[in-house]
Amino acid sequence: MNTIRKVAVIGLGYIGLPTAAILATNGLEVIGVDVKQDNVDAINRGEVPFVEPDLNIHVAGSVSMGSLTATTVTPAADAFILAVPTPFNPDKTADLSYIEAAARGLAPRLVGGELVILESTSPPGTTQHLADYLIGLRPDLSLDGADNKPIVHVAHCPERVLPGRVMIELVTNDRIVGGITDEATELARQLYQVFCQGDIHLTDAATAEMAKLVENAYRDVNIAFANELSMVSEKVGIDVWELIELANHHPRVNILQPGPGVGGHCIAVDPWFIVSAAPNESKLIRQARETNDAKPAWVIDQVKLAVKQVGDTATVAALGLAFKANIDDLRESPAVSIVRQLNIDLPECAVLVAEPHVSELPETLSSLTNVALKDLGTAVAEADIVLLLVDHDEFKEMDKSVLDGKVVVDTRGIWR
Ligand code: SAJ
């Protein structure tokens, strides 16, 4: 195939847009594709439709240089990168409909020789499914040159960047690349080498898929251990934060931090793809998921105990809605579900939410009576109970004396 000069990145979300921008700032012609016209328009103005440190500089710069443009229609290109969502279905299997829709968009543009990379987190076998799906749409092409048909090269390269550090980790993290054929693997390696300063490890597509899932399941299992310790510690009357700090002095122990539950669109989702691929063999992974999913209900029980002390009409300040510190991403956030459930379980309590990273409540909360968004000072001043849900810097840095006389439920251990 020819050198890759033009890349279409399909899906301009938290991963696709940074990837498009980094390719564009490294000299490639990049066309971003998204179904959301508003986002496409914003990007073409050089704006970023969500918060991610340093991304705006890359997008504004590459748009003004003309190396990054956005559109709703997939163009012809030398390489296509699919960065679309893979949510789970109600039965916890992966919903591949966004991948298939992206494939339908690009299939008519193929002439042979292109590279198609799936970046979306996917269960084992999805890259092969994508490849077969493309050939089903374009039987005049092949995956390996069989019958002298022009080749479409298909590979998986899972994204592994941490929200909040995306522009750094895109460049510095190692990458895993696994193609349907060795040639596809090699072509994908060449593309990522354009901007990736980490090592690029080569494997097959299914192993690359599993590597990503396993990384997130590893973290989920370890957070579940910390969350379990927090519940055990409460029961036996000790401080879990001190406990973990002390245990972590051991040279081979590194326990993670308990919290109100695990949020985000990765760690709370990906382990289920392993469970659905091998249900009988993945009992620990499933249990960890269930332990983390059960943590918000435990936090709510702690608030109910506090309300018993204060009275049924207590005012609760809920600090933080994001799924983790210093970002504005509310997806799968345990904090959002805790606030919602508090409103259902404690209808007489006013819940004053302070979330410095959003200007309005998300839809699931905005319609609730007795739940309101306030600035941090007002929420805490008016509260009888202060429920800390996210360890944002603003909360860590606040003057602790404002908590005097209030009942504090600190799910992240920042005020101990
Ligand atoms: N959390 C805890 N305790 C901890 C660490 C995290 O309760 O000690 C919670 C966070 O508050 C949050 C959730 O877990 O609700 C997930 O946060 P995270 O920072 O661990 O991870 P994500 O979801 O932001 O990003 C993960 C990363 N995966 C790993 O670190 C193995 C990232 O590298 C992946 O690219 C990303 O998932 C993804 O897209 O899959």
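Counting starts at 1 for both ligands and their atoms, in listed order. As a basis for the values below, the full set of heavy atoms in this structure was taken, side chains included, without hydrogen atoms, waters or symmetry mates. Start at 1 with the first residue, then count along the sequence. Keep in mind that this is a model prediction, so the values were computed, not measured.
N44 contributes atom CG, which lies 8.0 Å from atom OG1 of T71 (distance to the nearest 0.5 angstrom). Rounded to the nearest 0.5 Å, atoms CG (N173) and SG (C196) are 7.5 Å apart. Residue T121 holds its OG1 atom at 6.5 Å from NE2 of H156, rounded to the nearest 0.5 Å. How far OG of S122 is from CG of L82: 9.5 Å, rounded to the nearest 0.5 Å.
Screening residues 364-416 for ring-ring contact (aromatic ring centres under 6.0 Å, His included) gives H357-H392, H392-F395 as the qualifying pairs, with residues at least two apart or on separate chains. Within the structure, salt bridge (Lys or Arg N to Asp or Glu O under 4.0 Å) pairs that include any residue of residues 321-335 comprise D329-R331 (at least two apart or interchain).
Protein heavy atom nearest atom 21 (O) of ligand 1, with residue, atom name and distance: I267 CD1, 3.5 Å. Atom 12 (C) of ligand 1 has as its closest protein heavy atom F323 O, 3.3 Å. L162 CD1, 3.7 Å is the protein heavy atom nearest to atom 27 (C) of ligand 1. Among protein heavy atoms, atom 11 (O) of ligand 1 sits closest to R412 NH1, 2.8 Å. Nearest to atom 24 (O) of ligand 1 among the protein's heavy atoms is K324 NZ, 2.8 Å. Of the protein's non-hydrogen atoms, N216 OD1, 2.8 Å is the one closest to atom 28 (N) of ligand 1. In terms of protein heavy atoms, atom 39 (O) of ligand 1 is closest to E159 OE2, 2.6 Å. What sits closest to atom 3 (N) of ligand 1 on the protein, heavy atoms only, is Q257 O, 2.7 Å.
Where the criterion is an N or O separation shorter than 3.5 Å, residue side chain and backbone included, E169 fails it with respect to ligand 1. Checked by distance only, ligand 1 and P258 stay at 3.5 Å or farther apart across all their nitrogen or oxygen atoms.
Looking at E119 against ligand 1, nothing comes within 4.0 Å, counting heavy atoms. With a heavy-atom cut-off of 4.0 Å, R219 touches ligand 1 through its side chain alone. At a 4.0 Å heavy-atom cut-off, ligand 1 touches I223 through the side chain alone.
In this structure, the side chains of Q193 and R189 come closer than 4.5 Å at one or more pairs of heavy atoms. Using a 4.5 Å heavy-atom cutoff, the side chains of L17 and L55 are in contact.
Under the 4.0 angstrom criterion for non-hydrogen atoms, H265 is not in contact with ligand 1. The shortest separation from a heavy atom of C266 to ligand 1 is under 4.0 Å, placing the residue in contact. Under a 4.0 Å heavy-atom criterion, T121 is not in contact with ligand 1.
Ligand-side atoms of ligand 1 in range of K212: 38 (C), 39 (O), 40 (O), range being under 4.0 angstrom from any heavy atom. Each of the atoms 24 (O), 25 (O) of ligand 1 lies under 4.0 Å from some heavy atom of P163. Of all atoms in ligand 1, numbered sequentially from 1 with element shown, those under 4.0 Å from a heavy atom of V161 are 32 (C), 33 (O), 34 (C), 35 (O), 36 (C). Residue E215 approaches ligand 1 through these ligand atoms, each under 4.0 Å from one of its heavy atoms: 31 (C). Ligand-side atoms of ligand 1 in range of R160: 32 (C), 33 (O), 34 (C), 35 (O), range being under 4.0 angstrom from any heavy atom.
Residues E215 and R219 are not paired through a salt bridge, judged by the lack of any N-O separation under 4.0 Å between the basic side chain and the carboxylate. Residues E159 and K212 are paired through a salt bridge, judged by an N-O separation under 4.0 Å between the basic side chain and the carboxylate.
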Please assess F50 against Y14 for the test ring pair (Phe, Tyr, Trp, His ring centres under 6.0 Å), listing each intermediate value before the final yes or no.
CA-CA 8 Å; F50 50 88; Y14 289 81; 4.5 Å; yes

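Of the candidates T127, T181, L115, L118, T127 is the only one forming a side-chain contact (heavy atoms from CB on, under 4.5 Å) with V154.
For E100 and H129, the side-chain atoms include at least one donor-acceptor pair closer than 3.5 Å.
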